[in-house]
Amino acid sequence: MSRIVVDEEKCVGGGQCVLAAPDVFDQDDDTGTVLLLDADPPAGQDAAVRQAARLCPAVAITVATP
Amino acid sequence: MVDVRTVPDEAGSLPRFPMPRETPFHPPAAYARLRDTAPVSRVRLWDGGTAWLVTGYDEVRAVLADPRVSSRRQHPGYPFATPARAAAERGERAFISQDPPGHGRLRKMVTKYFTVRRIESLRPVVQDIADTVIGRAAELGPPIDLVREVALEVPARTICHLFGIPAEERFFFQGRDHTRNALDSSPLEVEAATADMLGYAADLVARKERRPDESIVSELVRDQLHTGAVDRDQLVAIVRHLLAAGHDTTANMIALGVLELLRHADQLDELKARPELWPNAVEELLRYISVFQISPNRVATEDIEVGGVVIAAGEGIITPLAAANRDGRAFPDPDTLDIHREARHHVAFAYGVHQCLGQPLARLELNVVYETLFRRLPGLALAIDTDRIVVRQYLLSSLGELPVTWPVNR
């Protein structure tokens, strides 16, 4: 199971995470900044979440595997 | 006019940058040779200076994500690919030419207009524009120049819609940005075109102050200029930059994408039969074409180590996205177009904090235009031999024209 941390300060609003894992990430309508919908998503989301972290241009997503 | 390829390399030993393409369909072969032996290596520039050319995927991402490199065009070590690029970029005041934290403050003023959700809500608008443009091209009858009739039209009309610009004004900004982006424009021509565009952006801001509408420019005036969050010169620079970034890039991707699809008929047939494949095909086309071919550039602000090489503070760095996107370590069999491959990790929109802000809009336009074009004109074919196709000497990979035809039943 993943544990996800996002850094809103680093986020540049590219939307890569929303495209990769729309059940886990969203963007704030007023700022475009990342919104973490689910910090502990089900295992079925692991690949999508890893993809989101890899694609994030600002390296603002950290995925810890306990 | 300055032909950058005829400038002699007085030092002799270093390869010169930019490097010529051997064929229209692939980046310079030198990128692959360098990547295998020295993915971070020195090149000589037009002004006699040197810069580090980065040709590996991992190395390009590492540089572009490194907080110890600067995007400031005013930095004395910032490398420009040609005299025209120096003239075009040296005075840049938009966030593209700033570093954190100032960069983020300005960029965040506009990120809300390009979120995935907000852009998706524009799909009916973009579809309507594509239907109109492609419908008129079909009425013109074959043959047509796809660049002029379709590729230039959809992005320009879309940005006009977003910015509240009358559509007939598109020819003004298309012409100026073409001059700015042509690598063989003279510095004087580029400076004149840049002054025209800054004047145009200033006038657009003033128009929206007098008559506010629903456009992005009006919102920026109300929320940023009139609140004092941004000064007028900075807003004008941002509007000029967004306008330029919003049409020429996507226009060239449309034309080159259609060319590649017509050159790969089996894959095109699959897409016509299974339109749900378009989003993945668009990612692969973005990777394969890498329209932003000789940029972006950076300058190190501290000594950094990349790919086993130490880049010293003050040295220029060039990270061609076309080189990274053809790295076989990131994309097996990289010189083959494969609409089924996993290409999502391409860097066609760059990487790092300056990664393209408008990428959801670009994706939307490309998906809508390709799908609509090949649905409306399924018999579309090249009306020119592929060996006569010329990719221009341009900031972007670019086609001057793309003659196409299709069967007409009367």
Side-chain angles (χ1 to χ4, degrees), chain A, chain B residues 57-58 60-67 71 95-96 98-101 103-121 219 223 279-280 282-283 286 296 321 330 342-364 367:
Chain A
M1 193 178 287
S2 303
R3 193 167 188 295
I4 305 165
V5 178
V6 295
D7 185 336
E8 289 92 349
E9 285 298 307
K10 278 190 181 173
C11 173
V12 292
Q16 300 279 9
C17 55
V18 183
L19 292 173
D23 294 335
V24 180
F25 302 99
D26 198 357
Q27 283 173 287
D28 186 295
D29 281 334
D30 291 327
T31 61
T33 303
V34 61
L35 294 173
L36 185 57
L37 300 176
D38 187 351
D40 237 340
Q45 291 287 331
D46 276 2
V49 168
R50 274 197 302 274
Q51 172 85 321
R54 183 184 185 203
L55 295 179
C56 176
V59 202
I61 300 170
T62 312
V63 185
T65 317
Chain B
Y57 174 84
D58 287 342
V60 164
R61 285 206 353 157
V63 167
L64 293 177
D66 197 314
S71 296
F95 46 84
I96 188 175
Q98 297 193 21
D99 297 326
H103 163 266
R105 190 183 68 79
L106 288 171
R107 177 171 166 133
K108 278 179 182 174
M109 290 180 184
V110 292
T111 43
K112 66 185 271 192
Y113 306 114
F114 298 95
T115 63
V116 172
R117 186 169 27 246
R118 183 141 172 175
I119 294 300
E120 187 55 35
S121 75
E219 282 198 46
D223 297 343
N280 203 68
V282 165
E283 297 305 324
L286 286 163
L321 305 178
E342 171 55 54
R344 227 1 222 97
H345 54 296
H346 65 72
V347 289
F349 294 112
Y351 191 68
V353 297
H354 291 280
Q355 189 182 61
C356 178
L357 175 70
Q359 56 184 298
L361 180 60
R363 288 191 165 99
L364 173 62
N367 272 283

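Just so it is clear, the model here is predicted, and its values are computed rather than measured. Every chain is numbered from 1 and lettered A, B, ... according to where its sequence line falls, protein lines coming before strand lines. Note that these values count all heavy atoms, side chains included, but never hydrogens, waters or copies made by symmetry.
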Undergrad: What part of A:Gln16 gets within 4.5 angstrom of chain B, counting heavy atoms only: side chain, backbone, both, or neither?
TA: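 Its backbone and side chain both get close to chain B.
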
Undergrad: My understanding is that only residues two or more places apart in sequence, or in another chain, count here; which of them pass side-chain contact (heavy atoms from CB on, under 4.5 Å) with B:Asp223?
TA: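 Only B:Lys112, B:Tyr113, B:Glu219 meet the side-chain contact (heavy atoms from CB on, under 4.5 Å) criterion with B:Asp223.
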
Undergrad: Mind checking the CD-CZ spacing from A:Gln51 to B:Arg344? Nearest 0.5 Å is all I need.
TA: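 So the CD of A:Gln51 and the CZ of B:Arg344 are separated by 6.5 Å.
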
Undergrad: State, to 0.1 Å, how close A:Val59 and B:Tyr351 come at their nearest heavy-atom pair, and which atoms those are.
TA: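 Answer, listing the atom of A:Val59 first, then B:Tyr351: CG2-OH, 4.0 Å.
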
Undergrad: How about CD on A:Glu9, more than 12 heavy atoms from neighbouring residues, nucleotides or ligands closer than 6.0 Å, or not?
TA: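 At most 12 heavy atoms, drawn from other residues, nucleotides or ligands, come within 6.0 Å of this atom.
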
Undergrad: What option among B:Lys108, B:Arg61, B:Arg118 has the most heavy-atom pairs under 4.5 Å with chain A?
TA: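 Greatest number of close heavy-atom pairs with chain A: B:Lys108.
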
Undergrad: Let's test your reading of the structure: which of A:Gly13, A:Gly15, A:Pro57 forms the most heavy-atom pairs below 4.5 Å with chain B?
TA: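 Top count of heavy-atom pairs under 4.5 Å with chain B: A:Pro57.
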
Undergrad: To the nearest 0.5 Å, what is the distance between OG1 (A:Thr31) and CE (B:Met109)?
TA: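 If I round to the nearest 0.5 Å, the distance is 13.5 Å.
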
Undergrad: Using a heavy-atom cutoff of under 4.5 Å, enumerate the residues of residues 18-28 of chain A that contact chain B, numbered in order, or state 'none'.
TA: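 Residues in range: A:Val18, A:Leu19, A:Asp26, A:Gln27, A:Asp28.
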
Undergrad: For residues A:Gly14 and B:Pro360, report the shortest heavy-atom separation together with the two atoms involved.
TA: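 Heavy-atom minimum between the residues: O-CG, 4.3 Å.
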
